[in-house]
Amino acid sequence: MPLDGDTSAEAAAPADAGDGEAPRDAERIAALEAEVAELTERHARAVADLQNYRRRTEERWSERARAVLAETMARCLPPLDDLNRALDSVDDALDGHQWVEGVRLVQRNFREMLANAGVEEIAGEGEAFDPLVHEAVTSAPGPEGEIVAVVREGYRIQDYVLRPAQVVVGSGQQATEQQA
């Protein structure tokens, strides 16, 4: 029992304890401190692993959601192509009829729906040919490497190409040179 406010470890030790106990206590303290350090390190690794797992899982879900959206939007493109072809073939005498205007409204709504989903049309005529977003179907007289006509529109969503634009690329010859 400590006397006169002495709180040292030696005063707390029983009177019959010998000098052999102090080294064992120091060894035990050192072992416990090492164990605490190891457990702290393992805990920090586990927390880091959990954070990495969460990040990878979020990335996978985000990529999967993007892929599903892209696949769904790509399936909407053929009906839009059909609407475009139908409206391109309307006879001038029928232009202005209610059903033609109704089809134009459907086409506009379709394009608006795609735009709201983040789908953008790939630039075409007058632009430089880019094999990452354009598919050359033929060449024609015009500035070399420049798109002179669009055969079928292409679309992308963010940096993902849903469908490349099918284009006619300038051959570098002028129309008069090719006719001669």
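- Residue Arg55 places its CZ atom among more than 12 non-hydrogen atoms of other residues, nucleotides or ligands, all under 6.0 Å distant.
- At a threshold of 4.5 Å between non-hydrogen side-chain atoms, the residues Gln51 and Arg54 do not count as touching.
- Under the 4.5 Å side-chain heavy-atom criterion for ILVMFWY residues, no single connected hydrophobic cluster contains both Tyr53 and Val47.
- Applying the salt bridge (Lys or Arg N to Asp or Glu O under 4.0 Å) rule to Arg45 yields the partners Glu41; only residues at least two apart in sequence or on another chain are considered.
- Of the inter-residue distances, the one linking Arg24 atom CZ with Ile29 atom CD1 reads 13.0 Å to the nearest 0.5 angstrom.
- In this structure the side chain of Val161 reaches within 4.5 angstrom of the side chain of Ile122, judged on heavy atoms.
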Query - Glu38/Arg42 under side-chain contact (heavy atoms from CB on, under 4.5 Å): CA gap, chis, key distance, verdict - result: CA-CA 6 Å; Glu38 179 188 344; Arg42 286 174 53 193; 3.7 Å; yes
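- Remark: the backbone N or O of Val168 is not paired with any side-chain donor or acceptor of Thr138 at under 3.5 angstrom.
- Panel note: side chain His134, backbone Pro131; no donor-acceptor pair is recorded below 3.5 Å.
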Run the side-chain donor-acceptor check on residues 141-157: report pairs under 3.5 Å with partners two or more places apart or on a different chain.
none

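- Here CG of Leu32 is found 5.5 Å from CZ of Arg28. Values are rounded to the nearest 0.5 Å.
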Donor-acceptor pairs under 3.5 angstrom involving side-chain atoms of residues 70-85: please list them, not counting sequence neighbours.
unit_1 : atom_1 : unit_2 : atom_2 : d
Glu71  : OE2    : Arg75  : NH2    : 2.9
Thr72  : OG1    : Val68  : O      : 2.8
Asp81  : OD1    : Arg163 : NH2    : 3.1
Asp81  : OD2    : Arg163 : NH1    : 2.5
Asp81  : OD2    : Arg163 : NH2    : 3.3
Asp82  : OD1    : Arg85  : NH2    : 2.5
Asn84  : OD1    : Gln107 : NE2    : 2.3
Asn84  : OD1    : Arg111 : NH2    : 3.4
Asn84  : ND2    : Leu80  : O      : 3.4

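- The CG atom of Asp159 sits 11.0 Å away from the CG atom of Leu132 when rounded to the nearest 0.5 Å.
- Hydrophobic clustering places Met113 together with Val119 (ILVMFWY residues linked when any side-chain heavy atoms are closer than 4.5 Å, directly or through intermediates).
- Electrostatic pairing of Asp49 and Arg56 does not count as a salt bridge here, judged by no charged N lying under 4.0 Å from a carboxylate O.
- Taking the side chain as every heavy atom from C-beta outward, Trp61 and Thr57 approach each other to under 4.5 Å.
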**Report entry** Pair Val133-Asp130, side-chain contact (heavy atoms from CB on, under 4.5 Å): steps then yes or no
**Finding:** CA-CA 6 Å; Val133 296; Asp130 180 357; 3.8 Å; yes
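- By the rule that hydrophobic residues join a cluster once side-chain heavy atoms approach within less than 4.5 Å of another member, Trp99 and Phe110 end up as members of one cluster.
- Under the 4.5 Å side-chain criterion, counting only non-hydrogen atoms from C-beta, Arg108 is not in contact with Val103.
- The two residues Ala86 and Ser89 come nearest to each other via the heavy atoms O-OG, 3.0 Å.
- Within 6.0 Å of atom CD in Glu59, more than 12 heavy atoms from other residues, nucleotides or ligands are found, so the atom counts as buried in its surroundings.
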**Report entry** Audit row: Asn116, Glu112, side-chain contact (heavy atoms from CB on, under 4.5 Å) steps and yes/no
**Finding:** CA-CA 6 Å; Asn116 288 338; Glu112 189 176 303; 3.9 Å; yes
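- For the atom pair Thr40 OG1 and Glu33 CD, the distance stands at 11.5 Å (nearest 0.5 Å).
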